[in-house]
Amino acid sequence: MNGLQATFRGACAQAWANRRGFWFEITVMILNDLVWVVFWVLFFHRVGTVRGWNTNRILMLQAILTTGGGIVLGVFANARNIGRLAADGELDAALALPVPTLAYILVRKIQALNLGDTIFGVVLFVAIGHPSPSRVAMFLGGSAIAATVLTGFLVLIGSSSFFVGRNEGSELGFHAIVMFGSYPIDVFTGAGRAMLYSVVPAAFIAAVPARLVDSFDPGLAAGAAAAAVVFATLGVVAFNLGLRRYTSGNVWKL
Amino acid sequence: MTIEVSELSKAFVTGRKARRKTVDAVRDISFSVAAGERVAFIGPNGAGKSTSIKMLTGILHPSAGTISVLGLVPWQQRRQLAMRIGTLFGQRSQLWFELTPRQSFRMLGAIFGLSDQHLVRRVDELGELLDAGHLWDTPVRSQSLGQRMRCELAACMLHEPEILFLDEPTIGLDLLGKQLFRDLIVRLNQQRNTTIFLTSHDVADIESVAERVIVINHGEVIYDDSVEAMRRSLFATKYVDVGLAHPAEAPSLVGVTIAQHSPTMLRLVVDTEAQSIGTVVNAVLSSLPVADLSIADPPLESVIASIYSTARTP
């Protein structure tokens, strides 16, 4: 067992230490996600279709978004916290260990609440996704791409805190990508749509992987994989550059 | 030398746009530390202590200067260095809050590449050395601060580091906890020849643990000598405390001032450059009803306060 595996085991044990709280948080998140499903079902029941999107497509989008997002925010919970950790100078303990800092931080904390998203997403796919071997493979691959893009993006915007010294920007970025990612991509047009494929890559954390499950397109799949590689690389580079500007701090934490 | 620091500087940029300014947290400091030394690195708040220790451990990148710790450049070879040093920051934890120390040690053992057998043996050894084996199976969240600090010390000692960097390690501990902790550090140094590099605001930490003191203020080293030499060279002053059998007038001597005078007690402050201690003691014995007499150095606290204030920039 190497250091990162051991750290991940520690994070699992820490999350599991309070089992009642663990299951309570997961249940709460599943109920929260269920409300969204009810909302979209009622919405499309009333309006029929919106630019080619219907109930099935939006539910597939929700399945991918909650599965991928749940992996990032639940299993790599600190992906969302990098901006705060950098701005508040809370990386000292990680930097004092002989481990790759970013990887260590990502596996150091598990958020039970968001594991509920992943469970919900998988169950939703099984319920509405007509799972077949090829569709399951595409669902898993799409969720992995969504998780990678989201992790890379969160690390990238979180790392901006190293340079500006504040965390508000990364929080705004997080809310923007999750919000835009949860809507049918085709309701956006022009520059706004282009932005969702580039600056705030919301398209790649739900709509694009969902389309790949429903109708596989090798070009689109290659584009999504490339986006995952690009954002993962940008995140790693920005974090490592930012570490050089890390100023530490005196926040009292355990 | 175990640690060699040459012309080390660190500047932070603070404020925004028009009000942006550069603050020199550390300015051109140089010193070296030999293997097995116990060094206190002290200074007032904002002097640059923590910034320096974080550069020595590779956490911060310096703005200028060079550092060699165990022959390694900390910010370039951070992971290699971390395998050979232990760091304990009083305000940071390496332990998982919800887990027992033994569980945390298992994770840290894997991080430091210790085999299972080696880890078990090491945890038992540290339990004995730190008198803390009974704490290994109590979740950290249920431990007192003093108990937790002992577990933290064990965590940073698991891989048998050659140097221990301790940044305010006794902060928040009660008097007994502090004394126990200081004894542990000295024992580790004596039994394993572990180099100790300590920052603290607590003078007792310095007196109990350190053999040598480096004082830093406004980012510059302003004093570097042994604890004893610090007392002697900087204060040519002695306290003569006299217990009186009955009330009496104090003798008048050149270079002697009366700091305290009650019917039963007299404290004389002697400037030993103006008056010898022998003359003062003879005068006291011949002119006063002495019930008790003692000669003491001034408390280290006042020596350090004096160094800080004399070095304060205008």
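These numbers were taken from a predicted model, which means no experiment stands behind them. Each chain gets a letter, A, B and so on, in the order the sequences are listed, and its residues count up from 1.
Using a distance-only test at 3.5 Å, with no hydrogens or angles considered, no donor-acceptor pair links the side chain of B:Glu98 to the main chain of A:Ala17. Judged by distance alone, with hydrogens and angles left aside, the side-chain atoms of B:Gln94 form a donor-acceptor pair with the main-chain N or O of A:Ala93 at under 3.5 Å. Between the side chain of B:Arg78 and the backbone N or O of A:Leu95 there is at least one donor-acceptor pair closer than 3.5 Å.
Residues B:His61 and A:Leu243 approach most closely at CD2-O, 4.1 Å, considering heavy atoms. The nearest pair of heavy atoms linking B:Ala82 to A:Pro98 is CB-N, 3.6 Å. Pairing each heavy atom of A:Gly10 with each of B:Met107, the nearest pair is CA-CE, 3.5 Å.
Within 6.0 Å of CG on B:Asp28 lie more than 12 heavy atoms contributed by other residues, nucleotides or ligands. Within a 6.0 Å radius of CD in B:Glu7, other residues, nucleotides and ligands contribute 12 heavy atoms or fewer. For CZ of A:Phe163, the number of neighbouring non-hydrogen atoms (other residues, nucleotides, ligands) closer than 6.0 Å is greater than 12. In this structure, A:Trp16 places its CH2 atom where more than 12 heavy-atom neighbours from other residues, nucleotides or ligands lie under 6.0 Å away.
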Checklist entry - Does the side chain to side chain contact (heavy atoms under 4.5 Å, CB included) test come out yes or no for B:Lys54 and A:Asp92, once each step is laid out? => result CA-CA 8 Å; B:Lys54 284 170 186 171; A:Asp92 294 4; 3.1 Å; yes
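With rounding to the nearest 0.5 Å, the separation of OG in A:Ser248 from NZ in B:Lys10 is 10.0 Å. Between B:Ile111 atom CD1 and A:Asn2 atom CG the span is 9.5 Å, to the nearest 0.5 Å.
For the set B:Leu108, B:Leu60, B:Ile85, the count of heavy-atom pairs under 4.5 angstrom toward chain A peaks at B:Leu60. Ranking A:Leu4, A:Thr7, A:Leu91 against chain B, the residue ahead of the rest is A:Thr7, based on heavy-atom pairs under 4.5 Å. Your options are A:Ala13, A:Ala94, A:Pro100, A:Ala15, and the one with the most heavy-atom pairs under 4.5 Å with chain B is A:Pro100.
A:Arg108 forms a cation-pi arrangement with B:Trp96, by the criterion of a distance under 6.0 Å to the ring centre and an angle within 45° of the ring axis.
When heavy atoms are compared at a cutoff of 4.5 Å, A:Phe8 does not approach chain B at all.
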